[in-house]
Every structure is written in structure tokens, then in C-alpha cells.
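In what follows, every heavy atom counts, from backbone to side chain, and hydrogens, waters and symmetry copies are set aside.
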Protein chains: 2
Amino acid sequence: MDMLACHLNRAIDIPLYEQLYDFIKKEITEGHLAYGSKLPSKRKLSEFLKVSQNTVENAYGQLIAEGYIEGVPRKGYFVLAYEDLEYVQTETPSAHEKTVEHKDTAYYFHPSRIDTESFPFAQWRKYARDTIDQAHHSLLLLGDKQGELELRKQIANYLYHARGVKCSADQIIIGAGSDILLQQLILLFDKQTVYGVENPGYHVILHILESYQNTVQPLEVDADGVKIQSIEKANIDAVYVTPSHHFPYGSVLSVNRRIKLLNWAAEKENRYIIEDDYDSEFRYSGKSIPSLQSMDHREKVVYLGSFSKSLIPSLRISYMVLPMHLLKKYKDKELSYYHCSVSRIDQHILSQFMKEGEFEKHLNRMRKIYRRKLEKTLDVLKPYKQTVEVIGEHSGLHIVLNVKNGMQEQELVQNAWKAGIKIHPLSAYLLEKRADPLPKMILGFAGIAEKELEKALTLLLESWGIR
Amino acid sequence: MDMLACHLNRAIDIPLYEQLYDFIKKEITEGHLAYGSKLPSKRKLSEFLKVSQNTVENAYGQLIAEGYIEGVPRKGYFVLAYEDLEYVQTETPSAHEKTVEHKDTAYYFHPSRIDTESFPFAQWRKYARDTIDQAHHSLLLLGDKQGELELRKQIANYLYHARGVKCSADQIIIGAGSDILLQQLILLFDKQTVYGVENPGYHVILHILESYQNTVQPLEVDADGVKIQSIEKANIDAVYVTPSHHFPYGSVLSVNRRIKLLNWAAEKENRYIIEDDYDSEFRYSGKSIPSLQSMDHREKVVYLGSFSKSLIPSLRISYMVLPMHLLKKYKDKELSYYHCSVSRIDQHILSQFMKEGEFEKHLNRMRKIYRRKLEKTLDVLKPYKQTVEVIGEHSGLHIVLNVKNGMQEQELVQNAWKAGIKIHPLSAYLLEKRADPLPKMILGFAGIAEKELEKALTLLLESWGIR
């Protein structure tokens with residue numbers, strides 16, 4: 001801790017100790033003096049400020065009394081934890097949640113949540129330890145702007161075997177989230193490009209496209225995925241779709257529509273399909289559904305993938321696979337002036353994790369765990385199937401509940417919230433933001449501990465008066 | 001390794017073993033079978049493909065002969081490293097470098113390079129080990145969209161003490177590079193905003209602004225930093241400046257101009273200053289120069305900082321400090337729909353590193369190392385000061401050489417390159433991309449080992465015929 005440069009004013013009527021106390025308190029509450037910081041000794045501060053030791057002692061005494069600092073014998077004075085007023089909630093509750101009285105959140109059925117208890121910390125730590133080493137000191141410098149070649153090779157290999165995606169490592173661009181990759185992708189398309197996005201869908205896409213002043217058309221979705229008619233009738237150049245597992249409905253784009261979609265794209269030169277294959281790793285019944293990219297022979301599909309569901313949401317590692325002619329454009333346009341947004345150390349850890357077969361092992365293990373969680377969920381819900389219809393139960397980390405107990409959407413959210421449960425309505429992902437007259441709720445089951453699942457679901461059903 | 005789904009065609013005139021060989025070779029060269037992958041055993045593959053073991057043996061034999069795979073006794077067959085044709089250079093050499101015959105690069109004077117040998121790997125590894133642990137399993141989930149509160153508190157504290165920046169943790173937004181933060185910042189300003197950027201300057205800014213279809217005006221720079229007149233005479237709303245250490249000139253914005261700049265911004269409501277304080281940590285002579293943000297009382301300055309120079313370039317952790325009214329706009333506009341682009345694990349490691357005082361220790365150590373490297377550099381150059389004038393030697397990790405040996409810029413680059421040295425001209429950072437008639441070269445001294453510095457510089461001077 002350096003000195004405290006407090007300007008004491010001897011001309012005013014406020015005692016010096018109080019001015020000093022006010023100053024330090026403000027430094028703490030405003031976050032300039034952090035939790036654990038050591039304050040100067042009384043002697044040193046009194047010499048520095050040219051006041052008596054008594055003055056400093058009184059100021060410190062008052063701060064101790066009020067719980068801002070503590071004195072540790074023979075060590076000195078330290079700033080205590082301060083409950084920051086500016087504390088921002090990790091997940092901002094929506095407006096109505098703020099006003100409803102509720103218990104502490106016990107369960108959160110958010111679709112982005114994974115099972116954090118089953119993560120192979122020991123293995124990940126091992127690769128981290130090996131990577132963070134003098135031997136790899138050159139990893140500290142900026143690397144390839146598309147991402148580490150070794151990781152891109154691992155991803156290309158994985159995509160080929162798991163998703164039928166045919167690409168070389170060179171076609172892959174790694175970035176800190178699909179959002180960031182999409183921002184680069186947009187720059188490869190004409191500025192006048194009109195985009196079609198699924199409705200409901202991943203609403204971040206809409207925000208990003210609109211921030212680039214692109215026109216966006218909503219596309220209708222049913223049990224067979226996005227409706228091709230809604231693409232054909234609007235004047236659309238590029239579509240953003242989730243064919244393997246529609247977000248949030250969970251429907252799979254039928255083969256018939258896949259071919260129609262690819263044909264639609266083939267009709268004009270500037271038409272493209274952005275395929276977000278966001279949680280294709282987890283499919284519990286039937287055959288794995290090949291990616292659209294694997295069916296594309298005309299360089300029409302840009303493939304987007306991520307390690308958010310399959311590994312760690314907060315790691316922020318995503319990738320996109322560009323068709324060859326777009327890759328050329330990417331390089332020509334010098335879009336590679338952006339540095340790769342993912343830490344090279346993290347990329348290195350992940351590529352080792354994949355290379356040693358740990359990723360595949362992890363996926364196999366998680367598929368079993370999630371399948372058990374899904375089965376447990378369906379078991380608990382089964383007796384109430386007249387009132388709670390389940391949609392999209394074949395893959396992914398969430399299902400959709402079609403709730404027919406007569407309650408409106410907001411009532412469902414609020415009643416759950418009062419019981420300590422957070423759950424979001426499907427309408428939150430509608431582009432036009434309106435409540436659905438036939439309320440549907442998104443139930444992310446992956447983040448709830450297996451042994452808690454029955455209790456959590458029972459509580460939820462009770463809060464809705466169903467059980 | 002799964003099976004190899006090779007479709008052998010018995011109807012054609014190519015032997016089966018050759019078809020199999022072609023198939024596997026293609027899988028390797030196209031990157032689908034990665035270095036180190038294990039191939040199926042001969043027996044298993046022959047059963048799977050319904051061919052004789054001899055066929056597989058012949059195919060494998062040919063691949064071994066050509067160096068694509070190797071057989072390890074009692075272990076199996078493994079794919080060997082394949083010199084990927086699509087290999088992308090970490091730093092793409094510019095056009096003329098490609099055609100010039102040269103030695104292997106021995107020294108690279110890039111201004112983004114740091115001293116990687118002195119990084120405290122042991123400490124960083126310790127905090128990584130502590131963080132990657134079951135006890136922190138909730139760190140795997142998505143966190144606060146502005147970044148980890150604890151890290152933001154540490155940054156606020158550091159900025160206050162080191163740079164005089166007054167802000168609360170709530171005003172800080174963490175992102176994977178200034179580029180990404182700038183993309184969010186742009187969305188807070190009017191779409192019609194005209195930007196002024198220093199010329200020469202950090203050219204990525206220009207690309208980003210233009211990708212959002214903003215008008216960008218170049219601003220003149222001299223020994224006192226950016227010329228205020230050039231701001232006043234253009235119709236500019238927001239300026240992007242590097243007042244503490246102009247990039248790449250190294251000049252410091254004079255106090256007089258600082259005040260003029262702040263006054264200019266205060267004149268109109270929608271005027272802003274984006275202050276990039278990119279390597280302010282390293283100042284070797286005179287007093288530390290306070291940030292513009294510390295002088296601003298009207299919420300006109302957005303402060304940008306990064307850990308690229310002070311810690312690890314490839315870690316990709318930067319931050320911006322928003323004035324209160326822009327923070328409100330950020331929250332209202334729901335710009336926080338972007339997830340924080342930095343891994344939470346990395347944020348946690350860094351905040352522990354800062355909290356425990358390791359960051360300050362590291363900075364102090366590096367300041368001494370860089371000072372020694374700079375002094376050594378100046379010593380070596382001193383005898384030739386008539387021909388090689390040094391600019392910007394008071395701070396940062398690079399200096400500018402005004403080379404007056406009669407050679408043109410391209411000649412200087414090429415001659416150095418022939419001697420195994422990479423160095424970039426200052427003109428590379430001119431917005432309009434033209435060679436400077438009075439050639440200036442950017443000499444990043446931080447990345448060269450101290451004991452190599454004299455040799456590297458001597459080699460450089462010799463390649464220019466100066467020594």
C-alpha cells in the first residue's frame with residue numbers, strides 16, 4: 001500500500017480525524033482501496049500528513065468500529081470486505097422477478113447450464129500445468145490469427161468423425177464465442193445482405209445483425225424445423241439456422257427440408273446458410289443427424305460450433321468453418337487483422353485434451369449422464385402428461401414444456417420464482433417479444449444435480465398447482 | 001480411432017490395396033486423420049472392409065514406405081506428422097518478403113513482442129492449479145457479462161493507484177482485446193458519429209470503424225502528440241488517441257494539448273475521447289504521466305487498457321472504463337447480451353495474481369528489464385546517431401529509428417530480412433499506406449533476449465551498411 005494522499009483542510013470546521021476518516025471510507029466504498037489492502041502504519045501516515053498520531057488513531061478507530069477495516073496485532077491495518085453497492089447480478093432477473101417475493105434461488109433451469117460436477121478437473125489441470133511452463137514461453141506471444149493450428153487440426157478431425165463435416169484445418173477460424181465469429185462473418189457478406197433467422201431463435205443473432213444495420217426477417221418454425229416456404233417468400237440472402245437441434249424448440253430439420261434449403265441456397269450466388277450446430281454432441285435416440293455442411297457440395301454452408309455445451313460454457317471457445325471461396329475472401333480482405341480472441345494457453349490446453357482422447361471420453365461420459373437426467377425428468381413428468389406436454393426430448397440439454405394448467409406464462413414464471421425456482425418462457429426467444437397465449441417453458445435439465453432433479457421438478461410442478 | 005469407412009470399388013481396374021492406400025493418404029493430407037491417430041489393426045480393418053489381410057498389409061506398407069504412417073511393434077499403426085500445405089504463417093510476411101532470399105528469421109523486432117523469458121510461470125501455474133478445481137466448479141458456467149467482479153475490483157484499484165483513473169468496478173467491462181471492446185463501444189455512440197484517429201496509428205481501429213460504416217478522419221501527429229487543430233478543423237465527434245505514449249511514434253500528448261482536447265470534447269454533448277493507454281506501464285524517465293481520464297470531470301473520456309504488454313499478449317484480456325452515463329446506456333441498451341469474451345477461469349487466475357501482489361512485483365521487475373534492454377539498445381546505436389536518429393525513447397517497448405543512410409524504406413526492410421531480421425517500417429501504420437520518403441523503422445526491443453541484443457542490433461546496422 002502506498003501512502004494515502006488525503007488533502008486535509010485545516011481552515012474548515014470539520015475535525016482532521018473526521019476528514020481523514022471520510023476520505024478513507026470513500027476510498028473503500030468507491031472501490032479504490034480493495035479488500036485486503038494494507039493501510040499505512042499510524043506513525044508513517046501521521047508523518048506523511050503532518051498530523052498527530054492521535055488524529056490517525058481516531059480515524060482508524062472509527063473505521064474499525066464501523067467495520068471498514070480491521071487491526072491485526074503486529075501486522076497492521078487491513079481493509080475488510082465491502083458489500084459493493086454496484087454489485088451486478090450474474091444473471092439479471094427480468095423486471096417482474098424483481099418485484100416478486102421469493103425464496104433464495106434453489107434451482108435454475110437455464111438451458112445454457114451444464115453439469116459442472118462431472119467436469120474432469122484433474123485432467124484439465126494436468127494439461128494446464130504442462131502448458132504453463134517455461135518450455136512453452138513462445139505461447140505468450142500473439143499467434144495465428146485463425147487460432148492455433150494444432151487445435152484446428154483436432155477440431156477438423158473431430159468434426160469429420162462426429163458430424164461428417166469435411167474441412168481442412170485451414171478453413172477453421174477460432175473465436176471467443178459464436179457472437180464474435182458472426183461479427184467477422186458478416187463482413188464477408190455484402191452489406192445489403194438480408195438475413196433470415198428462426199423465430200423463436202437465438203436472439204443474440206438478431207441484435208448483432210441489426211447492429212450492423214442489416215435487415216432481418218423472422219422465419220417460421222414447426223415440428224420439422226424451419227419452414228422453407230417462409231424463406232422462399234421473403235427476399236432473403238442468408239439464413240441462420242440450427243438444423244440438428246432447433247433452439248429452443250428442439251426440432252430437427254427434416255431431410256426433405258434440408259435438401260430444399262440447400263437447393264434454395266444453390267439458386268443464387270450470394271445465398272448462404274449459416275449452420276449453428278450448437279449442441280449436436282448430445283443425441284439420445286435414433287441415428288446421429290449429419291450436419292448440413294456434410295451434404296453441401298456448393299460451398300454454401302458456413303458451419304458454426306462451440307465447446308460451450310460439450311465442455312465449458314465460460315471457456316468461450318467457438319469455431320467456424322468457412323467454405324473455400326469465403327476463406328479466400330477472409331484472407332484477401334485482411335479480416336485477419338483481428339487477433340484470435342482466445343488465449344493461446346487455453347487453446348493449447350484444449351488441443352492436448354482432444355489429442356489425448358480426453359474430449360471423446362468426456363463426451364461419452366456426459367452423454368450417459370445427460371441421458372439419465374433426461375430420463376429421470378421424463379419419468380417425473382410422465383404422470384402429468386395431460387397438463388405438461390414435453391417437446392424436443394431426443395437431444396440437447398433442455399426440453400420444452402407445453403403447460404396446460406390454465407396459467408398464463410408470467411404466472412408460471414412467478415409461481416416458480418416464489419418457490420425458489422428460475423425458469424424462462426419460450427417466448428423470451430421470440431424475436432418480437434410477446435407472451436405466448438399457449439405458454440411454453442424451457443426446462444434446462446443438465447445443470448441440476450441428478451440426485452436433486454426429482455425434488456426440483458416436484459417443487460416446480462407443485463408451484464404450478466399440478467402436483 | 002474408429003473404423004475407416006472406405007468405399008472400395010471392385011468393378012474398377014484399380015487394385016483394392018491401392019484404393020485403400022489412396023483413401024488413407026487423402027484422409028491424412030486433408031487433415032481428417034491427425035498426427036498421432038492410431039489406425040485400425042490390419043485384422044480388424046480387413047474384417048470390416050471384407051478384404052484379405054494382405055490387401056490392408058500392402059496399403060499400410062506403401063503408406064509406411066512413403067512416410068505417412070509408422071508401425072510401432074506391439075502397439076499398432078500411427079499417422080506421422082504431415083507437413084500441412086495449408087499451414088498459415090504466424091505472422092504473414094508481406095509481399096516483398098516472400099520473394100527475397102533470406103536466412104531463417106533470427107530476430108524479430110515486432111513492437112507487440114514482450115520478454116517471454118521473464119514471465120513468472122511458477123506463480124501463474126500455481127493460481128491456475130488453485131482455480132481449476134472442483135471447489136470452483138461454478139466458474140464453468142457463464143458469469144457476469146461485464147467480467148468477473150473480483151477482477152474488475154482489482155483493475156479499478158490498480159488503475160487508481162497507477163494511472164489516477166477514478167472508477168468503480170461497475171464501470172469496467174472486460175473483453176478479449178481492445179478490438180472487441182471497441183465494437184461494443186461503437187454501438188453506444190450515434191450511428192452517424194465521425195471518428196478521428198491518429199495517423200500514423202493503430203490501424204485495426206480504422207478497419208473496425210469502417211466495418212460499421214463510420215466515417216473516419218486521419219489526425220496529424222507531431223512530437224507533442226496529436227494536433228488539436230486537425231481535430232478542430234475536421235467535423236469530428238469522437239477521437240481515438242494514445243496520449244501517454246503515441247503508437248507508434250512514442251510521443252506524449254503535452255499538458256497544453258490535453259486540456260485543449262478535453263475542452264474540445266466538453267463543447268458538444270456527443271463528443272467523446274477514446275483514450276487507449278496501451279503500454280503506459282513502462283515509463284523510464286521523468287514522472288509518470290497521468291491518464292486523460294483522471295483529468296476529465298465531464299464524463300467525456302472512455303479509457304481502454306490491456307494486459308497485453310504488461311503481462312501476456314496472447315492472453316487476450318483488455319478492459320474499458322465507461323463514464324457513468326455511457327454505462328447506463330450500455331445497460332439500458334442491453335448491450336450486455338454479449339457474453340463476456342474472456343474465460344472465467346483466466347479471469348479468476350488473473351485476479352488472484354493481482355490480489356496477491358504478483359502483478360505489481362512483475363511490473364516492477366519487467367520495468368527494470370526493459371529499461372536495461374532500452375539502455376543497451378541506445379548504447380549500441382549511439383555511435384551512429386548521425387545516421388540513425390532515435391525517437392520515443394522514454395517509454396514503452398519500442399523506439400522509432402529515423403534512418404538516414406540514403407536507403408529507401410523497402411530496401412531497409414529487405415536488407416534486414418536477407419540478414420535474418422524482421423523489422424517493420426513506421427509507414428505500415430499510416431492510414432493511407434504509402435512509403436515514407438524519410439524512412440522510419442519501428443524497433444521493438446522487448447522481445448529480444450538481453451544477451452542477444454547487441455548481436456541483433458549489430459547485424460541490423462551491418463545489413464544497412466551503417467556499421
Side-chain angles (χ1 to χ4, degrees), chain A residues 2 30-32 34 36 84 86-88 90 112-114 116-117 119 121 124-125 128-129 132-134 137-144 146 149 153-154 156-157 160-161 168-170 176-177 179-180 183 187 204 207 211-213 312-316 337-339 341-346 355, chain B residues 2 30-34 36 84 86-88 90 112-114 116-117 119 121 124-125 128-129 132-134 137-144 146 149 153-154 156-157 160-161 168-170 176-177 179-180 183 187 204 207 211-213 312-316 337-339 341-344 346 355:
Chain A
D2 294 334
E30 291 184 359
H32 306 313
D84 207 326
E86 299 105 1
Y87 183 79
V88 185
T90 298
S112 82
R113 294 209 158 189
I114 61 154
T116 57
E117 307 274 349
F119 184 76
F121 283 98
W124 194 263
R125 190 164 51 233
R129 203 176 51 212
I132 304 169
D133 190 278
Q134 190 72 47
H137 70 91
S138 68
L139 276 183
L140 304 187
L141 298 178
L142 292 171
D144 192 316
Q146 287 185 229
L149 181 63
K153 282 183 177 174
Q154 292 297 332
N157 182 49
Y160 177 66
H161 289 105
S168 70
D170 193 35
D179 331 357
I180 282 169
Q183 286 179 306
L187 301 180
V204 169
H207 288 296
S211 76
Y212 281 87
Q213 304 178 42
I312 309 179
S314 74
L315 185 64
R316 313 310 293 143
Y337 54 76
Y338 288 108
H339 290 294
S341 44
V342 179
S343 154
R344 279 183 82 189
I345 290 175
D346 291 344
K355 196 171 171 178
Chain B
D2 294 339
E30 291 184 358
H32 305 315
L33 277 171
D84 205 323
E86 300 102 1
Y87 183 80
V88 185
T90 298
S112 82
R113 296 210 156 189
I114 61 153
T116 57
E117 307 275 349
F119 184 76
F121 283 98
W124 194 262
R125 190 164 51 234
R129 204 176 52 213
I132 304 169
D133 190 278
Q134 190 71 47
H137 70 91
S138 67
L139 276 182
L140 303 187
L141 299 177
L142 292 171
D144 191 315
Q146 287 185 229
L149 181 63
K153 281 183 177 174
Q154 292 297 333
N157 182 49
Y160 177 65
H161 289 106
S168 70
D170 194 33
D179 331 358
I180 283 169
Q183 286 180 307
L187 302 179
V204 170
H207 289 296
S211 75
Y212 282 87
Q213 303 177 43
I312 309 179
S314 75
L315 185 65
R316 314 310 294 144
Y337 55 75
Y338 289 109
H339 290 294
S341 45
V342 179
S343 155
R344 280 183 82 189
D346 291 343
K355 197 171 171 178

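Side chains of B:Q146 and B:D170 form a contact here, defined as non-hydrogen atoms less than 4.5 Å apart.
The line from CG of B:L142 to CD1 of A:I312 is 11.5 Å long, rounded to the nearest 0.5 Å.
Listed for the B:R113 side chain is no donor-acceptor partner under 3.5 Å among the backbone atoms of A:L141.
For A:E117, the parts sitting under 4.5 Å from any heavy atom of chain B are the backbone and the side chain alike. Both the backbone and the side chain of A:N157 come within contact range of chain B, each with at least one heavy atom under 4.5 Å from a heavy atom of that chain. For A:I114, the parts lying near chain B are the backbone and the side chain together; criterion is any non-hydrogen pair under 4.5 Å.
Counting heavy-atom pairs closer than 4.5 Å to chain A, the top residue among B:S341, B:G177, B:S138 is B:S341. Per-residue counts of heavy-atom pairs under 4.5 Å with chain A were compared for B:A128, B:A176, B:P313; the largest is that of B:P313.
In terms of the side-chain contact (heavy atoms from CB on, under 4.5 Å) criterion, residue partners of A:F121 (sequence neighbours excluded) are, by chain and number, A:F119, A:R125, B:I132, B:Q134, B:H137, B:L140.
Annotation for A:Q213 and B:Y212: closest pair NE2-O, 4.2 Å, computed over non-hydrogen atoms.
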